[in-house]
Peer 1: 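I'd like to ask you about the structure that follows.
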Amino acid sequence: MGVKGLRAVEGRTSGRPACNRDEPMVTYSYRAGPCDPYPMRRRPRPAQPVAREEAAVLHPILNRRRVTAVALVGVSAIAALAAGCASSGSGGGGNGGDTVSVGLLTAISGPASVYYPSIKQVTALAVKEINASGGVNGKQVRLITQDTKTTPSVSATNSRLLVSRGARMMVVEDIVADRDAALPAATAANIPFFYAWSYEGGPLQGGTDTVCHPNFWATGQVPNNLVPAPVEYLVTQKGWKDWFLIGSDYKWPRTTNAHIQSAVTSAGGKVVGSEYVPLTATDFSALVSRLKSLPPSTTIVVNMVGGSLINFFKQWRAAGGTNDRAIAFALDEQTLSAIGPAGGGIWGAYDYYANGKTPGNTAFLKKLHAAYGNAVAKPTSLSEEGYEAIWLWALAARKAHSFDLAKVNAVLPKVSLSGPRGKVQFEPNHHIALPDILRRAGTNGFYTTTVKDFGVIRPANQCTPSALAG
Amino acid sequence: MILAAQILSAQQILNMLSDAATLFVLASGLGVIFGLMNVINFAQGAFIAIGAYAASVLTQHAISPWLSIPAGVVLGMACGLVVELAFVRRLYTRPWDTILATIGLQLVIVAALSLIFGLGNKYVEPPVNGEIGVGVTNYSAYRLFIIAIAVVLGALWVATERFTRLGLISRAVMASETLASTLGIDTRVVRRATFVLGCGLAGLGGATIAPMTAVQPNMGDQYLVSAFLIVLVAGNSVGGLALASLILGGVESWVTFLTSPIVGNIAIIVLAAVILRLIPGGLQELTGPWRAALPSQRFRLRRG
């Protein structure tokens, strides 16, 4: 059987008809037939002349249909924008009618974002409670959150976005660089600005002078809330004479270490050395070697932040260091959990502890658990200040019966809240007298042993009074 | 006093070795991919994070931490395979587009890790704890473990390259891909295997450093710069990579110890620039006969 016979038996499977060489090929032009082993491609036809209307449709780019479509899209886009601007021009997207917007600017991504899960919960809880107790001046509070990406340029842009969305108050819970980038938008828009983290204070205490503004209110600790009392106690009562200061290389650790140095020397101790590491450093083997060459009675102050703390303490413990004389001032419980058992015994002095047993904190934790159940993120000294910032603003706006900046600013030092840190009230210098408690960490991610409670410590003046008066 | 100095210098030497070992393990994945395919994989930091998260998942479920390194390798290879089949294989002829694509991939992986694991730091249990006596001093057992891992990795790599068929094929593809494909080697499969292996090595690096560091979605970024420096200085061979890790890691460690971490960072970059100026082909030039270069290529490299 030849090939033809095989095909007849199997049946055709391809598209071409069977090749029959006996069939005459009758065509007027050459066309590939079934027996042609090299079929030609179809020759392109020459362009046919068309009428003018058809030419307008058939032009590659500028034809009537396309221009009409683009015009329609453009006009509808402009109309939508105009409608949107008109509606938001009347007092902000959330401020029309019966809601008032509150802006929260924090790090949802980037290195400082580890605190966000808790910040989100405590601020949402504050807004929920305010609304449940009648809102502010007859309006319900709406929280708008924006991400700073831990980047100052993004922070500046998003603070302007918050203002354009009609926020009547801005809370920033992020690093100082992002705060300073966000502040101009708030001051230009005449809204109060709350900074809800511990920081290095104002120019009179060695800090930055961006905070000397009548709109600026801080609910976090400044160095004199935090440092002098525990340091003096440790030098005089515990006999810790020699101190070695470590910090990440930026403003807060350097300023805090300067306060520590003056507290140590005035109490009779001695600072034997200091070292500053870049924020991105991951390997501390050289530093650990240097620390191990110091006498074991030397106190080491670890004023690093974030991931550096975790790296350092894991490596310090792996190299055989002990935490008996290690103290940190920015090690919140969230970071402590990530250090794990290597964190046992670290000393710390803070205004708020996640397992604090004060009546205010017990009530606060109960409310958090009721709201979030098992998904509750541990509130720490680096997240719960946002709760008090929003509540204090709400109380001031209620008392002033207005959202006007001058009235709210006048009333803010007069309202007080009993919250997680006890009674908080702004002083005339725009900061809060806060508790300071010295504790030691356990191995379970909490500070378990209270050593000394120094009571409530008033914040020193950070700015000259004339700067605050505006 | 002399004993203290001895202890300090012994500790510092061990510090230097463990730093070099860490850098070697982290840069090995990048070196494999760069060496074979001349492709710069900017997503390497993200794969390091994947390996570290694999280790953290094991710790979370209280599984033995000895399995964290194999888990990191397996997860890194799996993710590398998915990525390779999805889009990297289309980009081998477009090196500039690969740079852009891998930068985007890194952003996607970091965001995915944030979504899956959340933003907080995770705790990872190390397989060995405590200290071991080494000579005059005690030293962290885990850091010695890292040195052991690096040595084993280097030995396996050299043995694979020299003594196995896979090594022979990869050396052939490294020397000349066109000629290798005429010999019947499927270069697509070789490229895929190389990419997957490079990602697996990055996962290994992540699982190795996880107990010593903060496990966060963007933890890999800071290791990426050092890894790139080492790979660029080293060139294409494992010997070059080892030598580069030792030199750069050692210099950084000593300079940091003697002065400050910032000067250490500067020193490593200046040293890398100096090495590349003096030995343009990279440190592979100094490590001899294990390179895969053909004689003609060797001559070209030496001419700089």
Side-chain angles (χ1 to χ4, degrees), chain A residues 107-120 150 248-249 274-290 292-293 304 306-321 333-343 375 377-378 380 443 445, chain B residues 4-5 7-12 14-16 18-19 22-23 56 59 110-111 114 118-126 128-131 137-143 209-219 221-223 225-226 249 252-262 264-265:
Chain A
I108 304 179
S109 57
S113 58
V114 292
Y115 312 105
Y116 179 64
S118 176
I119 293 177
K120 184 166 123 168
T150 326
S248 296
D249 196 1
S274 68
E275 179 145 333
Y276 291 94
V277 294
L279 275 167
T280 51
T282 51
D283 181 63
F284 296 103
S285 50
L287 177 61
V288 162
S289 295
R290 188 169 168 195
K292 291 198 77 181
S293 70
M304 296 190 238
S308 306
L309 281 164
I310 302 175
N311 290 0
F312 173 77
F313 276 107
K314 281 193 186 178
Q315 292 170 27
W316 170 241
R317 290 301 301 268
E333 286 93 340
Q334 213 269 350
T335 314
L336 195 58
S337 314
I339 300 181
K378 255 196 292 198
T380 69
T443 52
Chain B
I7 290 177
L8 199 59
S9 43
Q11 276 194 344
Q12 188 47 33
L14 287 169
N15 279 343
M16 183 186 91
S18 70
D19 284 348
T22 313
L23 287 172
S56 83
T59 299
V110 167
S114 322
L119 292 165
N121 292 304
K122 299 273 177 229
Y123 169 68
V124 176
E125 180 84 31
V128 291
N129 256 322
E131 295 194 303
T137 179
N138 286 333
Y139 199 67
S140 157
Y142 192 66
R143 283 190 173 260
I209 60 169
M212 309 284 304
T213 183
V215 176
Q216 249 198 341
N218 48 15
M219 63 179 281
D221 301 348
Q222 52 221 40
Y223 298 106
V225 174
S226 328
E252 184 180 19
S253 181
W254 276 103
V255 172
T256 305
F257 178 68
L258 293 171
T259 55
S260 83
I262 300 167
N265 275 343

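Order of the sequence lines sets the chain letters (A, B, ...), proteins ahead of strands, with each chain counted from 1.
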Peer 1: Taking the side chain from A/Lys378 and the backbone from A/Ser337, do they hold a donor-acceptor pair closer than 3.5 Å?
Peer 2: no

Peer 1: Let me know if A/Leu287 has heavy atoms under 4.5 Å from chain B in its side chain, its backbone, both or neither.
Peer 2: neither

Peer 1: Give the member of B/Met212, B/Gln222, B/Gln216, B/Glu252 that has the highest number of heavy-atom pairs under 4.5 Å with chain A.
Peer 2: B/Met212

Peer 1: Which bit of B/Ser114 comes within less than 4.5 Å of chain A, counting heavy atoms only: side chain, backbone, both or neither?
Peer 2: neither

Peer 1: Below 4.5 Å from any heavy atom of chain B, which atoms of A/Phe313 appear? Answer side chain, backbone, both or neither.
Peer 2: neither

Peer 1: Count the heavy-atom pairs under 4.5 Å between each of B/Met219, B/Gln11, B/Met16 and chain A, then report the option with the highest count.
Peer 2: B/Gln11

Peer 1: Name the region of B/Asn218, side chain, backbone, both or neither, that has any atom closer than 4.5 Å to a heavy atom of chain A.
Peer 2: side chain

Peer 1: Who passes salt bridge (Lys or Arg N to Asp or Glu O under 4.0 Å) against B/Asp221, sequence neighbours left out?
Peer 2: none

Peer 1: Is there a donor-acceptor contact under 3.5 Å linking the side chains of A/Ser289 and B/Asn15?
Peer 2: yes

Peer 1: Of all residues at least two apart in sequence or in a different chain, which pass the side chain to side chain contact (heavy atoms under 4.5 Å, CB included) check with B/Glu125?
Peer 2: B/Thr59, B/Pro65, B/Tyr123, B/Asn129

Peer 1: Can you tell me how far apart CD1 (A/Ile119) and OG (A/Ser113) are? Round to the nearest 0.5 Å.
Peer 2: 9.5 Å

Peer 1: For the pair A/Gln315 and A/Ser285, evaluate side chain to side chain donor-acceptor pair (under 3.5 Å) and give the outcome as yes or no after the intermediate values.
Peer 2: CA-CA 7 Å; A/Gln315 292 170 27; A/Ser285 50; 5.8 Å; no

Peer 1: Measuring heavy-atom distances to chain A, does B/Pro211 have an atom under 4.5 Å in its side chain, in its backbone, in both, or in neither?
Peer 2: backbone

